[in-house]
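Quick note on labels: first sequence line is chain A, next is B, and so on, each numbered from 1. Below, all heavy atoms of this structure are taken into account, side chains as well, without hydrogens, waters or symmetry copies.
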Amino acid sequence: MTTRVRFAPSPTGYLHIGSARTALFNYLFAKNTGGKFLLRIEDTDLARSTEESTRSILEGLKWLELEHDEELVFQSNNADKHRASALKLLKEGKAYRDFTPKVEAAGDVKEGIAERARAAQGVKNMRDNPYREISEIESDTRAANGEPFAVRLKVPDSGKTVFEDAVYGLQERDYNDTEDLVLLRSDGHPLYNLAVVCDDIEMQITHVIRGQDHLTNAHKQVLIYEALGVTPPVFAHLPLILAPNKGKLSKRKHGEIVSMTTYRDAGFLAAAFRNFLALLGWSASEEKEIYSMAELVVKFTLGGIHRSNAVFNFAENDPRRWTDEKAQWMNAEYIRTMPIGELLPFVKAELKSAKLWREEYEPELRALTETVSSTDSEDRPATQAFDIPEHGSYDWFVQTVDLIRQRFFTLKDFSSQGRAYFSEDYDFDPAAIQKNLAKFPDLQQWLPELADRFEPMEDFSEAAIEEVVKAFTEEKGTKLGVIMNGARTLLTGVAVGPSMLSVFQTIGKDKSILRLKSQIAWNKQE
RNA sequence: GACCGGUUCGUCUAGGGGUUAGGACACCGCCCUUUCACGGCGGCAACACGGGUUCAAAUCCCGUACCGGUUACCA
C-alpha cells in the first residue's frame, strides 16, 4: 500500500516555522516511502481563516520547494460530507443532540478553560450531559420544533482509547478523561476533529504526522474513527519548537522571526533552511550536519524523531542573533560551499532586485555548461595570475561571486557588503574609515600615488600588483597592511574581505585607480 | 486541578547497562594572513534531583522537581 500523508495547516497566519517543519517531515516521509504528499487547508473556522493567509502559506511551501502531489483540498468544501457523517452517527445512536444553549467565550479563552476545569474539579463527570440519554422521540421532537442543538459524540461508558504513536509509543486514555466532544455546532457547522477524520478518510491518509499539540486530539479522533467503523491511520506526533524561554513560539509574541517568508526575504537559501529545520527534532544518528534534500529523503525515518521539544534559539535585542545562530551558520555554509553554478541564479536574483544586475553577466551557453560542470570548489586552484577574465564579463562575474562568497552569510550580502564589486555607488563603513584611513593621514596622498603606479601596468595580475605594492610600501617606509587596508576601504567600503590582491584584480585596473584617487571616503570622515 | 508527554554542554544533538560521555553552532585561545566574519589546530562546557535493581546505571524501575501539551459549539 502506498503511503499518503498530508500537511494540513489552518489559514490563520503565515507559514510558521513549526508548521514548516511539519510540512517538511511529511514531505520527507512521503518521498522516503515512495508515497504521496498532500496538502489540505483546514479552513473550517471561516471566521478566522483568510485567503491572505492561505496565499502566504502556499508561498512559504513554494519557497521551501515542498510541492504537493495532488490537488489542493479546502476543508470547507467538504462541510456537507462532514455534516452527513455526524448525522449518520446521530441516527445510529453514536451521537446525540445537546440542547444546552451555547455560551459565548469571553476574554482569554485558554485561561477561561483552565479556570473552569479547576472549578469543576472532582464534581463534574466528563459525560454528565443531561441530554446524553434523553429519548429519541424527545430529541426528535425538540429538534423538529426548531430548538437549536449541537451534536456530540457519545463516548462509550467504559474503556479506553489506545493507539501506537510512531514517535511517542503506546498511548492510552481512559474514556472517563474524554468528554462527549461536539461534532456539529448548533449552527450546523462541523468542527475540527470531525472534519479532520472525515477528510483523512476521504483522502485515504495512511500516516498522520503533525505537532504534538494534537496528541490528545488523537484520542478524540480515534473515538470518531471507531464510531465510523474505520481503522485509524498511523499517528506520528512531532515534538514542539519552543522559544528561548522554553515557552510557546507564537506569532503574536515573536512576530516575524517565526515566519518562513522572513527567511526568504532575509536572503536565506531554501536548501539551507530546510537542512536546519530537518535537524530540529530529528536526527539520522550520525555526526553530520549538512544534508541535501536527496539525502534527507533517503535517510528520513519516523524513528529518528525525538520526543523532547527543541528550542529555536534567538535573542530579540541582539541584531547578530536575530535568529538561531545555527541557521545562520548553515546558510553561510551553503553559500560558500555549494557548487558555484547552483548559487549563481540566486545571486543573480539578488542583484536584480537591488538593481545591480547587468546583462553582460548573462552566460553564453558555452560558458554556462563549462562552469557548471567543472565546479568542484574543493580543489579548484586559486585564481591564477594569467587567467584574468574581462571585467564585467560572465566569467568575471562567476569568479567574483566565488571570491566574495567566502565570508558572506546571506544572499543579501551580495548586494550590501559586496555592492562595491558591482557598482560605483557604494557606501563607506564609518568604522572601516576610522580604522584604516583616519589613523594614517599619509594615505590621503599615498593612495592616489599608488594609483599612478598602477597606471602604466600592462599586466594587472595579482603577482604584478603585489610587486608594485610591495615596492611602493618599502619606498614609503610603511607596513604593507597600512596600504592594503587603506586601499580596501577605498575600493570596497568595508574593512573585511578577500585578499587585497584579488580585490584589485577583480575590481580591475581602471576602477582601482579611480577609487584610489577618489576623495569621497576622505570627505566622509569629517 | 486532571490527563498526557518530556528532561545529555548556553543551543541543536549522538550514545540507551562497562565510553577519557562523541559531533555541530556559539564562545575563548593559537596558527595562517595586508584586514577579516574563510580555513587549520586546540580549549571551555552536559547526563535535573533522590531512592532502588545490578559486580557495574547517563542508560532499567519508582518517586520528586521543573518544563511543555491538552482540557472550546478554535484549529
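Taking the side chain to side chain contact (heavy atoms under 4.5 Å, CB included) definition, one finds that A:Lys299 meets it with A:Trp282, A:Ala284, A:Glu286, A:Tyr291, sequence neighbours left out. Not counting sequence neighbours, the partners of A:Asp177 by the side chain to side chain contact (heavy atoms under 4.5 Å, CB included) test are A:Arg173, A:Asp174.
Minimum atom distance to the side chain of A:Leu480 is reached by B:U34, of the listed B:U34, B:A14, B:A75. Of the listed nucleotides (B:A72, B:G69, B:A37), B:G69 has the atom at the smallest distance from the side chain of A:Gln212.
Nucleic acid contact class of A:Arg307 (heavy atoms, under 4.0 Å, all strands): sugar-phosphate only. A:Tyr168 comes within contact range of the sugar-phosphate backbone alone, with a heavy-atom separation under 4.0 Å but no base atom that close. At a threshold of 4.0 angstrom between heavy atoms, the contacts of A:Glu466 with the nucleic acid are absent. Residue contacts shown for A:Arg210 are absent, as no nucleic acid heavy atom lies under 4.0 Å away. The residue A:Asn217 sits close to a base: some heavy atom pair falls under 4.0 Å. As judged by a 4.0 angstrom heavy-atom cut-off over every strand, A:Leu501 is placed among the base-contacting residues. Across all strands shown, A:Lys479 has no heavy atoms under 4.0 Å from either base or sugar-phosphate atoms.
Using a 4.0 Å cut-off on heavy atoms, the residues of residues 277-290 of chain A that approach RNA chain B are A:Leu279, A:Leu280, A:Gly281, A:Ser283, A:Ser285, A:Glu287, A:Glu289, listed by number. RNA chain B lies under 4.0 Å from at least one heavy atom of each of the following residues of residues 43-56 of chain A: A:Thr44, A:Asp45, A:Arg48. If you check residues 9-23 of chain A against RNA chain B, the residues with a heavy atom closer than 4.0 Å are A:Ser10, listed by number.
Note that A:Arg97 lies in the cation-pi zone of A:Phe149, set by a 6.0 Å cut-off to the ring centre and a 45° limit from the axis.
Residue side chain A:Thr216 does not reach the base of B:C3 through any donor-acceptor N/O pair under 3.5 Å, judged by distance alone. A donor and an acceptor atom never sit less than 3.5 Å apart when one is taken from the side chain of A:Ser499 and the other from the base of B:U33.
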Polar pairs (N or O, both sides) under 3.5 Å between protein and nucleotides 8-11 of chain B?
residue: B:U11; atom: O4'; partner: A:Asn313; partner atom: ND2; Å: 3.2

Could you run down the sub-3.5 Å N/O contacts of the protein with nucleotides 38-44 of chain B?
residue: B:C38; atom: O2'; partner: A:Gln406; partner atom: OE1; Å: 3.4

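To the nearest 0.5 angstrom, A:Ser49 atom OG is 9.5 Å from A:Glu42 atom CD.
Residue pairs satisfying the salt bridge (Lys or Arg N to Asp or Glu O under 4.0 Å) criterion with at least one member in residues 310-319 of chain A, sequence neighbours excluded, are listed as follows: A:Asp318-A:Arg321. Within the structure, salt bridge (Lys or Arg N to Asp or Glu O under 4.0 Å) pairs that include any residue of residues 234-246 of chain A do not occur (at least two apart or interchain). Residue pairs meeting the side-chain hydrogen bond (donor to acceptor under 3.5 Å, both in side chains) criterion with at least one partner in residues 9-24 of chain A, sequence neighbours excluded, are absent. The stretch residues 476-496 of chain A participates, sequence neighbours left out, in these salt bridge (Lys or Arg N to Asp or Glu O under 4.0 Å) pairs: A:Glu449-A:Lys476. Residues in residues 315-337 of chain A take part in these ring-ring contact (aromatic ring centres under 6.0 Å, His included) pairs, two or more places apart or across chains: A:Tyr263-A:Trp322.
Ring geometry, A:Phe314 versus A:His254: the interplanar angle exceeds 60°, so the pair is classed perpendicular (tilted spans 30 to 60°).
Side-chain atoms of A:Gln212 and A:Leu238, non-hydrogen and from C-beta on, never get closer than 4.5 Å to each other. The shortest side-chain heavy-atom distance between A:Val167 and A:His306 does not fall under the 4.5 Å cut-off.
Taking the C1' atom of each, B:C32 and B:C25 are spaced 23 Å apart, rounded to whole Å. Using C1' as the reference atom, B:C74 and B:A58 are 41 Å apart when rounded to the nearest Å. With both ends at atom P, the span from B:G23 to B:G43 equals 9 Å, rounded to whole Å.
Regarding A:Leu153, its CG atom lies at a distance of 14 Å from the C1' atom of B:C73, rounded to whole Å. Atoms NE2 (A:His214) and C1' (B:G5) sit 16 Å apart, rounded to a whole Å.
Closest approach of A:Asn245 to A:Lys253, counting heavy atoms only: ND2-NZ, 4.1 Å.
Judged by distance alone, the side chains of A:Thr323 and A:Gln328 never bring a donor and an acceptor atom under 3.5 Å apart. A:Tyr192 and A:Asn217 share no donor-acceptor pair across their side chains, judged by distance under 3.5 Å alone.
Taking for each of A:Arg152 and A:Lys470 the nucleotide of RNA chain B with the nearest heavy atom, the 5'-most of the two is the partner of A:Lys470. Place A:Val182 and A:Pro498 on RNA chain B by their nearest nucleotides, and A:Pro498 ends up nearer the 5' end.
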### Task
Applying side-chain hydrogen bond (donor to acceptor under 3.5 Å, both in side chains), run through A:Asp199 and A:Asn78 and close with a yes or a no.
CA-CA 8 Å; A:Asp199 286 352; A:Asn78 299 336; 3.1 Å; yes
### Task
Tell me, with the steps shown, if A:Phe276 and A:Phe268 meet ring-ring contact (aromatic ring centres under 6.0 Å, His included).
CA-CA 11 Å; A:Phe276 169 75; A:Phe268 273 73; 8.6 Å; no
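Note on A:His237: every side-chain N or O is 4.0 Å or more away from OP1 and OP2 of B:G5.
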